[in-house]
Amino acid sequence: MTETLYTNITQLVTARPGPQRGAAMRDLQVIPDAALLVRDGVIAWVGERTAAPTAARTHDLGGVAVVPGLTDPHTHAVWAGDRLADFEARISGVPYEEMLARGGGIRSTMRATAAASVEDLIALARPRLQALRASGVTTAEVKSGYGLDFGAERRMLAAVRALQPEFGLVPTLLIHVPPTEARAEYVQGVCEDLIPQVAREGLAGAVDVFCEKEAFTVAETRRIFTAARAHGLHLKLHADQFQTLGGTELACELGALSVDHLEASGAAQVAALAASDTVATVLPGVTLHLGLPAAPGRALIDAGALLAVGTDLNPGSSPLFSAQLALALAVRLNGLTPAEALTAGTVNAAHALGLTDRGALAPGQRADFLALHSADWRDLTYTLGGNPVRDVFTGGTPA
């Protein structure tokens, strides 16, 4: 048995365990002059330092604030190639359709990713994941979706699996963009070949679909979801980024873990999410990078929806390598309070991945926590550009 008591914590701040909605997202537990006991990678006790139990080992954290480790519930951290030419073209006013005609856009990422080996993809993804971890991430979802052909999709997921022990990753099979030809055959192959193979090999725990006008229809999404559920996989959805087609309502109907993006969501979608246990995941990096309207975070919380925040780390629409900055942007762009942002990046983000054993600093939870540079936890969502996270601990061990 290993046991460490962490002391000299000016503020220990955490959401309650489990998913939180509405006003409960602001109800943080704040313990001044705190201590934290970790036993075999799990929190055994938390409270005021003066009431702390004895332990075999103590670790002085130096008089700083401590918060739970962050979960990033939406990343595309495995890709090859770059989209720098697209970025320059877009800010010069070139329409996306013209970029595609030039050979750019998402299909350029798909070509580069499909040409990469598993070893190439691992080498490319590792520094991205290291950046996320330095920003406070102790668990991250990573999606496939840039392969198009099934072999490339499986190579992406194999890369995620190889990196999983190092970074605490949750792999998701993303059905991202349909082919330009033989669309019906592709959807059939996804349902009858790709999903069963991924489930059989244990390469992913969930299936995500991009349900948009230029991607998959609601009917196609339902068919893919039916296949995913038949093979024991959870459901997730990209929806309402550009249009409201009914994808959000479908996800809520079928009990999806989360619906992500929501920049175009209106009152009907907010109401559907508020009446469900599906997490609304907002991605403020997309708003910043593409200039899209911000997802209605304030309206979702006020309506009683479960809300999480992710980076959407990807080469095209959100080259955001910091979950801490995503939370800071959610405060400024999506209308969250600092307390709501912390809840959105911890227990609610974990719930968006189907995880219940992390996100809060409470007995029985995984000992994933952050020591900040500051004595005040609010620096986590205040700081822009610098990194307020000093130390990252996973399972009570420095990462």
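These figures come from a predicted structure and were not determined experimentally.
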Single-linkage hydrophobic cluster, 4.5 Å side-chain cutoff, L174 and V187 together: no

Distance-only donor-acceptor check, side chains T172 and E141, under 3.5 Å: yes

side-chain contact (heavy atoms from CB on, under 4.5 Å) between Q197 and R200, intermediate numbers included: CA-CA 5 Å; Q197 189 169 29; R200 186 168 55 250; 3.7 Å; yes

R229: which of L235, V207, I224 passes side chain to side chain contact (heavy atoms under 4.5 Å, CB included): L235

Near-ring test F87/H289, centroid separation under 6.0 angstrom: yes

Distance-only donor-acceptor check, side chains Q269 and E249, under 3.5 Å: yes

Side-chain donor-acceptor pair present, T75, D72, cut-off under 3.5 Å: no

Co-membership, hydrophobic cluster, residues W377 and V64, 4.5 Å side-chain: no

same_hphob_cluster(I106, F210) at 4.5 Å side-chain heavy-atom cutoff: no

Side-chain donor/acceptor of E212 to backbone N/O of Q241, under 3.5 Å: yes

Check: S117 main-chain N/O paired with R155 side-chain donor or acceptor under 3.5 Å: no

Distance (rounded to the nearest 0.5 Å) between D391 CG and L370 CG: 9.0 Å

Smallest separation among heavy atoms of C252 and S276, with atom names: SG-OG, 3.6 Å

Worked check of side-chain contact (heavy atoms from CB on, under 4.5 Å) between Y6 and V46: CA-CA 10 Å; Y6 292 89; V46 61; over 6 Å; no

Nearest atoms (heavy-atom pairs only) where L157 meets P171: CD2-CB, 4.3 Å

Validation row: T221, L250 side chains within 4.5 angstrom (heavy atoms): yes

Ring geometry between Y186 and F150 (parallel below 30°, tilted from 30 to 60°, perpendicular above 60°): tilted

Flag if over 12 foreign heavy atoms under 6.0 Å of CZ, R378: no

Flag side-chain contact, heavy atom, 4.5 Å: I43 against L361: yes

Distance-only donor-acceptor check, side chains T139 and R358, under 3.5 Å: yes

Minimum heavy-atom distance between A251 and V259, given as atom pair plus value: CB-CG2, 3.3 Å

Student check: side-chain heavy atoms of R126 and E166 closer than 4.5 Å: yes

Residues E253, R222; criterion side-chain contact (heavy atoms from CB on, under 4.5 Å); working and verdict: CA-CA 10 Å; E253 172 197 337; R222 182 184 288 275; 3.1 Å; yes

Closest approach of R161 to G202 (non-hydrogen atoms, all atoms of both residues): NH1-O, 4.2 Å

Donor-acceptor pair between R83 and T109 side chains, under 3.5 angstrom: yes

Minimum side-chain heavy-atom gap K143-H74 below 4.5 Å: yes

Connected via hydrophobic side-chain network under 4.5 Å: L254 and L257: no

Side chains of T14 and Q29, donor plus acceptor under 3.5 Å: no

Check: S374/D376 side-chain N/O donor and acceptor closer than 3.5 Å: no

Residues D302, R298: salt bridge by 4.0 Å N-O rule: yes

Heavy-atom check, side chain of L313 versus side chain of S318, under 4.5 Å: no

Hydrophobic cluster membership, V282 vs V286, 4.5 Å side-chain cutoff: no

Exercise: identify the closest heavy-atom pair between A15 and A360: O-CB, 3.5 Å

For the student: nearest non-hydrogen atoms of L148 and P178, plus distance: CD1-C, 4.3 Å

Backbone N/O of A339 and side chain of T343: donor-acceptor pair under 3.5 Å: yes

Parallel, tilted or perpendicular: rings of H176 and H76 (30°, 60°): parallel

Close side-chain approach of V142 to Q164, heavy-atom, < 4.5 Å: no

Derivation of the side-chain contact (heavy atoms from CB on, under 4.5 Å) call for L342 and V13: CA-CA 9 Å; L342 182 64; V13 182; 4.0 Å; yes

Pair T7, D60: side-chain N/O donor-acceptor within cut-off below 3.5 Å: no

Note, F216 side chain near I175 side chain (heavy atom, < 4.5 Å): yes

Aromatic W45 / basic R39 pairing, under 6.0 angstrom, 45° off normal: no

Sub-4.5 Å side-chain heavy-atom contact between V190 and I195: yes

Side chain Q243, main chain K213, donor-acceptor under 3.5 Å: yes

